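Since this is a predicted model, take the numbers as computed values, not measurements.
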Amino acid sequence: MSACVPARADSARTKHVHPPHSPPPHGPRRFRVAGADVSAAIAVFLIALPLSLGIALATGAPLQAGLVAAAVGGIVAGRIGGCPLQVSGPAAGLTVVTADLIQHYGWRTTCAITVFAGIAQLGLGCLRVARSALAVSPAIVHGMLAGIGVTIAVAQLHIVLGGTPQSSVPDNLVALPAQLANLHPADLAASVLTLTLLLLWPRIPGRAGQALGKLPAALIAVAGATAVAALTGLRLPKVDLPSWSSHALASLPDGPVLGLVAAVLTTTLVCSVQSLLGAVAVDKLVAARPSLTGRVKRSDLDRELLGQGAANIVSGSLGGLPIAGVAVRSSANVAAGAVSRNSTMLHGVLVVIAALLMVPALELIPLASLAALVMAVGLKMVSLNHIRTVTRHREVLVYAVTTCGVVFLGVLEGVALGIAVAVGVALHRLTRTRITHDETEGVHHVHVRGQLTFLAVPRLSRVLHQVPHGADAVVELDGSFMDHAAYETLQDWQKTHTAQGGSVDITGRRPGTRISEPAEEDGCRCRPWTPWRNHQCERPPTAPPRGTAGRSATDGSPAGNLGTATGPNTPGTRDATGATGGSGAPDGPTGHELARGISAFHRNTGPLMRRELARLAREGQQPSQLFLTCADSRVVTSMITSSGPGDLFVVRNVGNFVPLPGEESGDDSVAAAIEYAVDVLKVRSITVCGHSGCGAMQALLAAEPGGAHTPLQRWLRHGLPSLERALPDVDVDVDLNEQEQKRGAGRARPRLAGRGAADTAERLCLANVVQQLEHLRAHDSVARALGAGDLELHGMYFHVGEAQSYLLSEDAEGSVFELVRETNLTA
């Protein structure tokens, strides 16, 4: 047999184990941990260690239980959970619940309750109801945490003073005077030193503060108090960690069934809500770090419930505290630069090592120091920012009732009270509708403020019948909901009033809020920011079917939304040049679109803006800034800046150019607008805004030297310095003066933060903004205002496709456009 003949007939079809002409694959890939995860794990471990012991002390559980929960939360929840960077462990929000369970059922039964709560969390995760937990009002959640914080602080105050806390807040308050009369100076000294270090450590000034601030304040506070107590020989109660061989594990629950079920439900509720809200908060922290974009996925809340449930099962089985996501440790994990779930898991491993090898050092910690640390954590749970937020949203009653209920009755009772009050407030708002009637210049205005439901129909009907027959009436609906009963009442009254010779115009905050559709309006119910050529409107029966007139022009179908024919010059179509067919008369497509848009303004926006526009008419324009941008129809200045009438003095031209002043290259139109805005209107800032896909920049790149000098080509010459700045190595074949040539040489190209320019055109757009800002400084009025400190210049780049804006800033490497991040509107 020839050596070239395969030994088996099917060997020719044998698949390659690895690609041909490539080295064989390596062995199993080694597990590697990024350096950022290691440093983040150490930082979180240093915070978790004293807090875990302190929370265990506050609950009355064995101190090892806090270490067990911290280790299991890091390893199990960190590995299985759906939020990679959230750190789980014993949480202060569970302190009151756990302490109450230990007091009523004992420690071993509490561990069993933790196991059953974990099983319940697994069930909720399998049912995929995690998003439903976020439906709980934030006022209830914040009120619950505030109540728990008050309970913790009042209880730990007794340990700080050297005593023993009672079982409830009222009992602790009653016993406080006697405790103050019987102070223990050693415990109080250790507590005061802990609180002092905890408060002052993050505020150390200068470079020393920046270096030392990397160490957690909680660790420094406890370590400092421990060192002082050891060196001075203070006699005070300290941490006592019994042998792990005598550590108590879970046992079968013993107690009334209903009480145990309520305990399991309470533990499940608090653990789940706190963990899910923490995961959402971590997502926001991750989104604020551009370096993590694409590396860390958004939280899978159902998987996070599964991870928390598994962690609680393991923790309860091993004699640990209940587990939930912890905001303090999670924030520290993200701030320390963690890039994966490995940091959370490694922090759990470090806790295990400390629990096994650092017992002698841990037993030197004074209990008063841990109590002071937990008391400070409890006080921080009463957040002034949360109080301001719920007050602004008129939910302070829900917050206060929940807080007081948790403090004086218990967590489950307080949350139930908060939910009941929240439902009552929602029903009150739903039924509270203000309906007023007034007459102005012969027109009767009926203003409905609030939700229009069947409960408000009697009042609505009574007010509507106050409008005289045959009069002109305007009904203004200032709300977001109207049920069928109210709809029929308005519709019947409108038909009756119109039949009697009157007129009715029904307006609302939302464009398209109408009760009936007059024939001349074609039944249009268009929402804001929908283009004229692509409205998805309801049409009379004679119109073409939906999906024909409403399709975009890019699919080759007629783009108009008005005509019924499809000829080359019928209304609603466009010819090969892009021009709209028809004569342009008011009954043609353009005239009809314009008239309909004006009519929609008169109907919807005009009544809301009339007072503001009347004020502006009286006072004159006082804009805060000059906004110079491109004439591109896709750049809507008021939309991308959230500005209104009177805010911006807008100048638009092809390419957002600012020609240099001078007889040959100057442009009186732009120069006059700049002079008027700076010297007359006294604007405080000027913004030059470029945008993606700019046709002027593309024309600059495609221009050929020596072409015909049309008006457009002559205007584009103002962009040649920008072309020189963006592409210094390309010969643009223009007569730039020596000053411009010197400016263009050796300058770094403007860039976007976080990513490179998509193409040459985008690079030119960025350079053009920077170049036009330089041209602005050459104008005398601008130079004077800048010199006097009365004016600021800003550069902006708007990416049309992404609907995102970038602002220009300067760094060590030159000009950089940074993405404008979302701000906290509730703060």
Side-chain angles (χ1 to χ4, degrees), residues 283-298 337 339 625 627-637 639-642 652-658 685-702 718-730 732 743-777 792-823:
D283 281 344
K284 295 179 180 179
L285 295 176
V286 171
R289 286 180 55 190
S291 60
L292 292 180
T293 304
R295 298 185 62 181
V296 178
K297 297 181 180 179
R298 289 183 61 85
V339 296
Q625 62 176 295
F627 200 86
L628 199 152
T629 188
C630 185
D632 193 295
S633 61
R634 299 166 298 179
V635 180
V636 184
T637 56
M639 179 179 68
I640 64 177
T641 59
S642 298
R652 307 183 69 143
N653 61 53
V654 175
N656 48 275
F657 292 145
V658 181
S685 68
I686 301 178
T687 301
V688 177
C689 176
H691 68 95
S692 63
C694 182
M697 301 300 104
Q698 295 170 359
L700 269 176
L701 292 172
H718 298 302
L720 294 177
S722 302
L723 189 61
E724 176 68 19
R725 174 186 285 269
L727 306 172
D729 300 331
V730 177
V732 297
R743 287 178 179 176
R747 293 178 297 193
R749 297 175 181 175
R751 57 186 177 84
L752 291 172
R755 69 172 178 87
D759 49 28
T760 305
E762 185 171 64
R763 188 179 302 116
L764 180 56
C765 289
L766 301 177
N768 182 57
V769 173
V770 179
Q771 186 67 37
Q772 303 314 314
L773 288 174
E774 287 193 6
H775 290 183
L776 267 174
R777 296 183 180 93
E792 296 179 350
L793 300 184
H794 302 288
M796 176 177 167
Y797 175 72
F798 178 65
H799 196 290
V800 177
E802 298 175 355
Q804 290 183 325
S805 297
Y806 298 78
L807 288 180
L808 177 65
S809 63
E810 300 290 337
D811 61 10
E813 299 180 2
S815 302
V816 57
F817 288 80
E818 296 183 351
L819 179 65
V820 179
R821 299 290 178 183
E822 294 183 4
T823 57

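- Across every non-hydrogen atom of F817 and P750, the tightest pair is CE1-CB, 4.0 Å.
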Practice problem: Would you please test L773 and L776 for side chain to side chain contact (heavy atoms under 4.5 Å, CB included) and show each step? | Solution: CA-CA 5 Å; L773 288 174; L776 267 174; 4.1 Å; yes
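- At least one donor-acceptor pair closer than 3.5 Å links the side chain of N768 to the backbone N or O of G655.
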Throw together a table of side-chain donor-acceptor distances under 3.5 angstrom for residues 798-806, partners on residues two or more places apart or in other chains.
unit_1	atom_1	unit_2	atom_2	d
H799	ND1	G801	N	3.4
H799	ND1	E802	N	3.1

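- Scanning all heavy atoms of the two residues, the minimum distance from N656 to N653 falls at N-OD1, 3.0 Å.
- The closest side-chain heavy-atom distance from R751 to V816 is below 4.5 Å.
- No donor-acceptor distance shorter than 3.5 angstrom exists from the side chain of S722 to the backbone of Q771, with no hydrogens or angles considered.
- At a threshold of 4.5 Å between non-hydrogen side-chain atoms, the residues R725 and E774 count as touching.
- Shown here are the salt bridge (charged side-chain N to carboxylate O under 4.0 Å, His left out) partners of D632, two or more places apart in sequence or in another chain: R634.
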Quiz item: So R652 and T629, side chain to side chain contact (heavy atoms under 4.5 Å, CB included) or not? Walk me through it.
Solution: CA-CA 5 Å; R652 307 183 69 143; T629 188; 4.0 Å; yes
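- Between the side chain of E792 and the main chain of S685, no donor-acceptor pair closer than 3.5 Å is present.
- Applying the salt bridge (charged side-chain N to carboxylate O under 4.0 Å, His left out) definition to pairs two or more places apart or across chains, those involving residues 756-773 are R755-E762.
- With sequence neighbours left out, the side chain to side chain contact (heavy atoms under 4.5 Å, CB included) criterion links V654 to A696, L712, W715.
- Once rounded to the nearest 0.5 Å, the distance linking CD1 of I640 with SG of C689 reads 4.5 Å.
- Across all non-hydrogen atoms, the minimal contact from V769 to G690 is CG2-N, 3.6 Å.
- In terms of heavy-atom proximity, S692 sits nearest to Y797 at CB-OH, 3.2 Å.
- The two residues T687 and Q625 have their closest heavy-atom pair at OG1-OE1, 2.9 Å.
- For L701, the side chain to side chain contact (heavy atoms under 4.5 Å, CB included) partners two or more places apart in sequence, or in a different chain, are L723, L727, T760, A761, L764.
- Heavy atoms of other residues, nucleotides or ligands lying less than 6.0 angstrom from CZ of R777 number more than 12.
- Residues forming a side chain to side chain contact (heavy atoms under 4.5 Å, CB included) with T641 (at least two apart in sequence, or on another chain): F627, S643, L648.
- Contact record, G719 with L700: O-CD1, 3.5 Å, taken as the closest heavy-atom pair.
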